[in-house]
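Would you mind keeping the following structure in view while I ask a few things?
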2 protein chains.
Amino acid sequence: MNKYESIANLLKQHIRDNTYPIGSLLPSQTDLADQFQVSRMTINKAINILTMEGFVSAQRGFGTKIMNRPFWNKNVSPVDQYNGLSAEMRQLNRPIESQIIDFNVDFPDADEQEHLTLTAQQPIYRIIRLRLVDHEPYLLEHTIMPVELVPNLTDEILHHSIYDYLQNKLGLQIAGAYRNIQAAKPDELDMKYLKCQPDDPVLEVAQMVYLKNGQPFEYSHSRNRYDKRSFTELNLRK
Amino acid sequence: MNKYESIANLLKQHIRDNTYPIGSLLPSQTDLADQFQVSRMTINKAINILTMEGFVSAQRGFGTKIMNRPFWNKNVSPVDQYNGLSAEMRQLNRPIESQIIDFNVDFPDADEQEHLTLTAQQPIYRIIRLRLVDHEPYLLEHTIMPVELVPNLTDEILHHSIYDYLQNKLGLQIAGAYRNIQAAKPDELDMKYLKCQPDDPVLEVAQMVYLKNGQPFEYSHSRNRYDKRSFTELNLRK
DNA sequence: TAGTGGTCTAGACCACTCG
DNA sequence: GAGTGGTCTAGACCACTAT
C-alpha cells in the first residue's frame, strides 16, 4: 500500500470515529507531514483523496474542514469502485442468485464492434442473466464480452460471479466504467422475469467496463427494478 | 491557469486532432517533461487528469496509450462540472425557458435541516420550476436553498439562471454535487406540467450542491422526462 | 502579518513490461 | 537490461484567508 493511501485511510478512520469531528479543522498539512514523518506532497495527495470522496473541504488560506455527509449512511453502494453486483451485495451481506436466461456465442454487430474495439470476426458471448437479491428479482442483465478475453466461461461461473472469475482466476484488473443511466418502460422480458407491472418504470444502465490496459471487456445493459435500485455519484472539484 | 492543467488541455487537443492517434503511445513522461520544460511530477499530474477523463490509460513498465472513446461523441453532457441546466444547454446551443410553478419562503423540516446543515429557525426558499428545452417540457425542479446564502432572489432571476446569479453576482464558487438517481412513476405535477402519460416513467435526481467552502447550498429533486434526459458518469481508477 | 493550502522542482528509488 | 510510470522527498514560491 502507498503511503498516501494508508494515510488517507487513517484520516478517514479518525473522521469516522470522531477524532476529527464534523465542522472542525484538520491539522495543517505541515503538521501532518511532521506527525506522519512524510513530505507535505504526500499529505497533500492523501487529502486530495479525502476531498474527492467528500470527507473534507480544503481552502487555501484557511484550512481543511471536516464535512457533514448526510447522504453517506444510506445503503446505496458507492459506484466509484465497481466490482460487479456480487461484490456489491456481499458487502451489504445480502444473498444473491443468478439465473441464466440466455448464454451463447455470436459475432458482434457494428455498434458492438465499435464499443469493444473488435473486428467482425472476433466472437463474443451474449449473456442474459436474471439477478435476484434477497430471493427477489432485482435486475435483468444483457452482457456482451469478447471470447478471447474471457476464455472458458461456463454456466457454473455465470451462476456465481463473472467478476470473481476475471479478477481471481484470470488475473484481469478492472480500471473502471463508463455509464449511461436512464428511465425506460418495461419490455416483455422485464415483465416476465423482473415481475414488472406494465406501468412500472425500469432504470436502465448501459455500461462499458475497462481493464487497466485500456481494453474494454464488457458492454452491458442492465434493467433494474425501479423500487430496488438507485445510483449515487459524487463529483467534487478541488 | 496551472501548468499541469494547461499541459493536460494541450495534450487533449493533440489527441482530438489526431496528433496522437487512438491506440498509439504518448511520449514518455521524461520526454514530455523535456518538451514542456517542466518537472516530471507536473507531467504526471497532467496525465492523471487525462486518465480520469478517459483520454489515456497509463501502465507502469509499458507506456501511456491513447484510448478509444466510443461513448464520448453523444450529446449527453458530462456531469462532472455541474453549473446548472442553463449552462448545460447553452453549451449545446439549445434554448431554455423557466416557468415558476411555486416560489415562497418557509422553515426547513428535519430532513432539510440535516441536508443543508441549518437550524429550524433559518429560513429557506422553496422553488418549483418547470424547465423547457427547445420549447418542450424537460424537467420539473423542486429546489430548496438557504435564504441567508442567496439573498434577494427574485422572479426575474428564477426565470433565467440561479447559477449565473450565484456565480457572477454573488461570487459563490461551486465545488460539486452529490446525486442519487432513480426511476419513478409520474405524480400529478409531472403529468400536469411535464405532460407525462400515466405510464411514462420519470427519471428522478436528488441532488445536493456544495460550495467550495463545504457549505451545501442547494438540495433539489428534479424530475426528468424519460425521453429527454439521461445521465452519464465515468469512473476510472489510476 | 501569520498561517494556510496549491503548485512546482530536481532529483531519487522502485515495480513493472517487453524483447 | 533498458525503458516505463508510480511514488516520494525536501525544499521553495505563491495566492489566499482571517469564518
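Chain A is the first sequence line, chain B the second, and so forth, proteins listed ahead of strands; every chain is numbered from 1.
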Does anything in residues 13-70 of chain A pair up under ring pair (Phe, Tyr, Trp, His ring centres under 6.0 Å), and if so which pairs, sequence neighbours excluded?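 For residues 13-70 of chain A, and leaving out neighbouring residues, the ring pair (Phe, Tyr, Trp, His ring centres under 6.0 Å) pairs sorted by first residue read A:H14-A:Y20.
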With sequence neighbours left out, what residues match B:Q122 under side-chain contact (heavy atoms from CB on, under 4.5 Å)?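 With neighbours one apart ignored, the set is B:L118, B:T119, B:E148.
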Could I get the full list of ring pair (Phe, Tyr, Trp, His ring centres under 6.0 Å) partners for B:F107, not counting sequence neighbours?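 Applying ring pair (Phe, Tyr, Trp, His ring centres under 6.0 Å) to B:F107 gives none.
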Nearest-Å distance for atom pair CG/C1', residues A:N2 and D:dC8: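 Atom CG in A:N2 sits about 10 Å away from atom C1' in D:dC8.
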With distance as the sole test, does B:N2 use its side chain to make a donor-acceptor pair with the main-chain N or O of B:Y4 at under 3.5 Å?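 No, because the side chain of B:N2 does not come within donor-acceptor range (under 3.5 Å) of the backbone of B:Y4.
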B:E156: what forms a side-chain contact (heavy atoms from CB on, under 4.5 Å) with it, not counting sequence neighbours?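 Applying side-chain contact (heavy atoms from CB on, under 4.5 Å) to B:E156 gives B:T154, B:H160.
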Could you state the CE-P distance from A:M67 to D:dT19, rounded to the nearest angstrom?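 Distance, rounded to whole Å: 20 Å.
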Can you list everything that forms a ring pair (Phe, Tyr, Trp, His ring centres under 6.0 Å) with B:Y210? Sequence neighbours excluded, please.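 For B:Y210 there are no ring pair (Phe, Tyr, Trp, His ring centres under 6.0 Å) partners, ignoring immediate neighbours.
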State, to the nearest 10°, the angle formed by the axis through the first five base pairs of the helix from C:dT1-D:dA18 to C:dC18-D:dG1 and the axis through its last five.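 Helix axis angle between the two ends: 10°.
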From CE of A:M52 over to P of C:dG6, roughly how many Å is that when rounded to an integer?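 Spelled out: CE on A:M52 to P on C:dG6 is 13 Å.
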Atom-pair distance (CE on B:M1; C1' on D:dA15), nearest Å: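 Taking atom C1' of D:dA15 as the reference, CE of B:M1 is at 16 Å.
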Got a sec, which residues hit ring pair (Phe, Tyr, Trp, His ring centres under 6.0 Å) with B:Y163, two or more places apart in sequence or on another chain?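 Result, ring pair (Phe, Tyr, Trp, His ring centres under 6.0 Å) vs B:Y163: B:Y82.
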Residue list, side-chain contact (heavy atoms from CB on, under 4.5 Å) with B:T143, at least two apart or on another chain: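 Result, side-chain contact (heavy atoms from CB on, under 4.5 Å) vs B:T143: B:I127, B:E141, B:M145, B:E218, B:S220.
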Which residues in residues 19-36 of chain A have at least one heavy atom lying under 4.0 Å from any atom of DNA chain D?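 Of all residues in residues 19-36 of chain A, none places a heavy atom under 4.0 Å from DNA chain D.
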Quick one: list whatever passes ring pair (Phe, Tyr, Trp, His ring centres under 6.0 Å) with B:H221, sequence neighbours left out.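 Partners of B:H221 by the ring pair (Phe, Tyr, Trp, His ring centres under 6.0 Å) criterion, ordered by chain and then number, come out as B:Y219.
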In whole angstrom, give the distance that lies between atom CD1 of B:I47 and atom P of D:dG6.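 About 8 Å, once rounded to whole Å.
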Using the side-chain contact (heavy atoms from CB on, under 4.5 Å) criterion, which residues pair with A:N213? Sequence neighbours excluded.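 So A:N213 forms a side-chain contact (heavy atoms from CB on, under 4.5 Å) with A:L211, A:Q215, B:Q59.
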Distance test, side-chain N/O of A:Y4 to OP1/OP2 of D:dC8, below 4.0 Å: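 It does not, given that no N or O in the side chain of A:Y4 lies less than 4.0 Å from OP1 or OP2 of D:dC8.
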Phosphate-side-chain proximity, B:T64 and D:dT4, N/O vs OP1/OP2 below 4.0 Å: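 No, B:T64 has no side-chain N/O under 4.0 Å of OP1/OP2 on D:dT4.
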Of the non-hydrogen atoms in A:P108 and A:I124, which two are nearest, and what is the gap between them?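 Reported closest heavy-atom pair: CA-CD1, 3.8 Å.
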Whether each nucleotide of nucleotides 9-19 of chain C has a protein heavy atom under 4.0 Å at its base (B), only at its sugar-phosphate (S) or at neither (-) is summarised, 5' to 3', as BB-B--BBBS-
Could you tell me the separation between the NZ atom of A:K45 and the C1' atom of D:dC8, rounded to a whole number of Å?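 Rounded to the whole Å, the gap is 8 Å.
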Rounded to the Å, how far apart are B:N44 CG and C:dT7 P?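 It is 14 Å, rounded to the nearest whole Å.
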Whole-Å distance separating the CD1 atom of B:I43 from the C1' atom of D:dG5: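 That distance rounds to 13 Å.
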